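Below you'll find the structure, written out as structure tokens, and then a few comments.
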Amino acid sequence: MHIGIAGIGLVGRVLALNLLQQGHTLTLFDEDSAYGNNAAGMTAAGMLAVFAELETAESAIFEHGKRSISLWPALLEQLDISDAYQLEGSMITAHPQDFSELDHFIETLQAKVEEASTIQLLDKAGIIALEPDLEQHSKAFYIPHEGQVDAQRFMKHSSDYLLAHPDVIWHQETKVESITQGSIHYKKSVENFDWVFDARGLGASEQVENLRGVRGEVFWLDAPEVNITRPTRMLHPRYKIYIVPRPNHRYIIGATEIESEDKSPMSVRSSLELLSAVYSVHTGFAEARIVNMVTNCRPTLKDNLPNIEQENKMTRINGLYRHGYLLAPAIVEQALNEGIYK
Ligand SMILES: Cc1cc2nc3c(=O)[nH]c(=O)nc-3n(C[C@H](O)[C@H](O)[C@H](O)COP(=O)(O)OP(=O)(O)OC[C@H]3O[C@@H](n4cnc5c(N)ncnc54)[C@H](O)[C@@H]3O)c2cc1C
């Protein structure tokens, strides 16, 4: 089939990679350039936190999350970046005055899914054995089967791959005005396809009911004195932060969660909260260098769950909220199976 995809952020790319594997030819549309920064998929920390996200999410995301974790390696292999995937577990800790938060967090996960019984309580010695740099902490939980995709590498390498692919035409900096069954409307013209996908995230709000943005802010820090190797969360009564390690002592520190579609630069309040919290996890962050401060919005539906909408010759996928990396491969698989291959 000749297939059109509007929105080449995270979902658009996962769709494109799957559809090319299945032998289709693609025309891609994005209002951004192929290496631009607009997509939430470019801002994301890329955590595959299938258990930890259950604290606030429906257990429905758990099954999709597990499926995505099993699908990511083949997608990354297609791009020749298998090392952009890590599944070595994650750490959750807190300061002693907040240990009750920590216990409550884990109890919530264990009440939602049976598999959460695999989460291990660690004392100081257990923490040092897994993450020696977290030695100042006396209690933590280790969650096996969690990990991360290096989101920024995925975005860059998928751009390279799709731009070079002989079966792909990519209309960059082309704003799609609307999508109807089998047709993509842009710049006062219309192109017709055997099937079209709307993967515009927050950009689809005129055509997707109850879609809203949830603002998130992250820092990129270069911290040569820190050697944390797994995604690590610190719980706190007011703010929860995560530290996601990238190669060469780079860490993504995030993320705020604010009910707003404002994509303006990070506020002083958010920066103070994120940086003081990260310094309290490891004092080596004091001498870190701030290499980037990024703000974006998570495309979110009323129930905070993803949605697939199927019509004749058209599929819309949206609402991946804070779980895009955790859910996209499984949601795309489901959309293809129940849509174009029905
Ligand atoms: C701060 C932050 C941290 C996050 N961390 C994580 C995490 O650790 N783990 C996780 O699983 N998820 C995380 N996410 C969530 C994840 O990034 C999103 O769920 C995911 O990116 C949504 O994918 P999408 O393709 O629907 O939207 P996007 O990735 O935003 O892509 C939408 C694309 O559509 C294009 N577009 C929009 N309108 C138009 C138009 N009219 N015409 C043409 N093109 C258009 C945009 O330019 C963009 O390229 C995070 C998000 C944020 C903001």
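As the structure is a prediction and not an experimental result, all values here were calculated from the model. Remember, it's 1-based here, ligands and their atoms both numbered in the order they're listed.
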Judged by atom type as modelled, is there a donor-acceptor pair below 3.5 Å linking the side chain of Lys124 to the main-chain atoms of Glu135?
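Checked: pair present.
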Is it the case that the side chain of Gln120 and the backbone of Ile143 share a donor-acceptor pair, with hydrogens and angles ignored and the cut-off at 3.5 Å?
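No.
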Looking at Tyr325, which atoms of ligand 1 are within less than 4.0 Å of one of its heavy atoms?
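With Tyr325 as reference, the close atoms of ligand 1 come out as 10 (C), 11 (O), 12 (N).
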Could you tell me which atoms of ligand 1, counted from 1 in the order shown, lie closer than 4.0 angstrom to a heavy atom of His323?
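Result: 10 (C), 11 (O), 12 (N).
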Is there a nitrogen or oxygen of Ala44 sitting under 3.5 Å from a nitrogen or oxygen of ligand 1?
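No, Ala44 has no N/O under 3.5 Å of an N/O on ligand 1.
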Using distance alone, determine whether Ala255 and ligand 1 share an N or O pair under 3.5 Å.
no
Glu261 vs Arg215, test: salt bridge (charged side-chain N to carboxylate O under 4.0 Å, His left out). Steps then yes/no.
CA-CA 6 Å; Glu261 289 184 8; Arg215 176 178 162 101; over 6 Å; no
Describe, in one word, how the ring planes of Trp72 and Tyr325 are oriented to each other, choosing from parallel (under 30°), tilted (30 to 60°) and perpendicular (over 60°).
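Aromatic pair Trp72/Tyr325 classed parallel.
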Report the part of Lys175 in contact with ligand 1, treating N, CA, C, O as backbone and CB onward as side chain, heavy atoms under 4.0 Å; options are side chain, backbone, both, neither.
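Under 4.0 Å from ligand 1, Lys175 contributes backbone and side-chain atoms.
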Considering [options] one by one, which has a heavy atom nearer to [atom] than any of the others?
atom	options	value
atom 15 (C) of ligand 1	Tyr321, Phe29, Tyr242	Tyr321
atom 48 (C) of ligand 1	Asp30, Asn38, Thr174	Asp30
atom 20 (C) of ligand 1	Leu10, Leu15, Leu327, Ile8	Leu10

